[in-house]
Peer 1: 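Sharing a structure with you now.
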Amino acid sequence: MPESEVIVRKPGSAFDPLWYKDAIIYELHVKAFADSNNDGMGDFPGLTGKLDYLQELGVTCLWLLPFFPSPLRDDGYDIADYVNVHPNYGTLEDFKAFLNAAHDRGLQVMIRMIADCR
């Protein structure tokens with residue numbers, strides 16, 4: 001690449017397009033990972049609070065199972081709204097804070113997307 005060419009990346013994006021080849025990917029369900037408000041269900045603030053721990057384990061990427069609003073008849077795989085967060089897991093702002101905190105630590109985040117085949 002010529003020295004004059006500058007690559008601009010979004011914050012949190014991988015610099016190596018093959019980052020996944022040696023990534024340590026940790027799959028988790030937000031509802032079962034860390035509960036910040038003692039209601040018995042994990043949430044994004046709880047997950048955010050565990051990012052340093054996950055990084056200490058050597059995790060480089062988090063793969064999140066569905067956390068979108070859903071009637072929960074199929075463990076969250078029956079998604080009703082792809083652009084929001086199920087209220088049991090926090091708010092969209094909580095998710096954005098989690099994502100920013102993960103990216104600040106150099107962690108990649110993948111989201112399990114479920115196509116609706118109705």
Peer 1: What orientation do Tyr89 and His29 show, parallel under 30°, tilted 30 to 60°, or perpendicular over 60°?
Peer 2: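 It falls in the perpendicular class, over 60°.
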Peer 1: Hey, are the side chains of Asn37 and Asp35 touching, using non-hydrogen atoms and a 4.5 Å cut-off?
Peer 2: yes
Peer 1: Search all heavy atoms of Gln55 against all heavy atoms of Arg105 and return the closest pair with its distance.
Peer 2: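 Looks like NE2-O, 2.6 Å.
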Peer 1: What is the minimum heavy-atom distance between Val109 and Ala102, and which atoms define it?
Peer 2: CG2-CB, 3.8 Å
Peer 1: Considering non-hydrogen atoms only, spot the tightest contact between Leu65 and Glu27 and give its length.
Peer 2: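 The answer is CD2-OE2, 3.0 Å.
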Peer 1: Please collect all salt bridge (Lys or Arg N to Asp or Glu O under 4.0 Å) contacts where either partner lies in residues 57-70, sequence neighbours excluded, each pair once.
Peer 2: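 Sorted result for residues 57-70: empty, none.
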Peer 1: Report the distance from atom CG of Leu54 to atom OG1 of Thr60, rounding to the nearest 0.5 Å.
Peer 2: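 Those atoms lie 11.0 Å apart.
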Peer 1: Among the clusters formed by ILVMFWY side chains lying less than 4.5 Å apart, do Tyr53 and Phe98 turn up in the same one?
Peer 2: yes
Peer 1: Does a side-chain heavy-atom distance below 4.5 Å link Leu62 with Tyr26?
Peer 2: yes
Peer 1: Please test Leu28 against Leu64 for side chain to side chain contact (heavy atoms under 4.5 Å, CB included), starting from the C-alpha separation and ending with a verdict.
Peer 2: CA-CA 5 Å; Leu28 65 90; Leu64 305 182; 3.7 Å; yes
Peer 1: What pairs of residues pass the salt bridge (Lys or Arg N to Asp or Glu O under 4.0 Å) test when at least one of them lies in residues 38-51, not counting sequence neighbours?
Peer 2: none
Peer 1: Do the ring planes of Phe95 and Phe44 sit parallel (below 30°), tilted (30 to 60°) or perpendicular (above 60°)?
Peer 2: perpendicular
Peer 1: A side-chain contact here means heavy atoms from C-beta on lying under 4.5 Å apart; do Ile111 and Phe68 qualify?
Peer 2: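 The answer is yes; the side chains approach within 4.5 Å.
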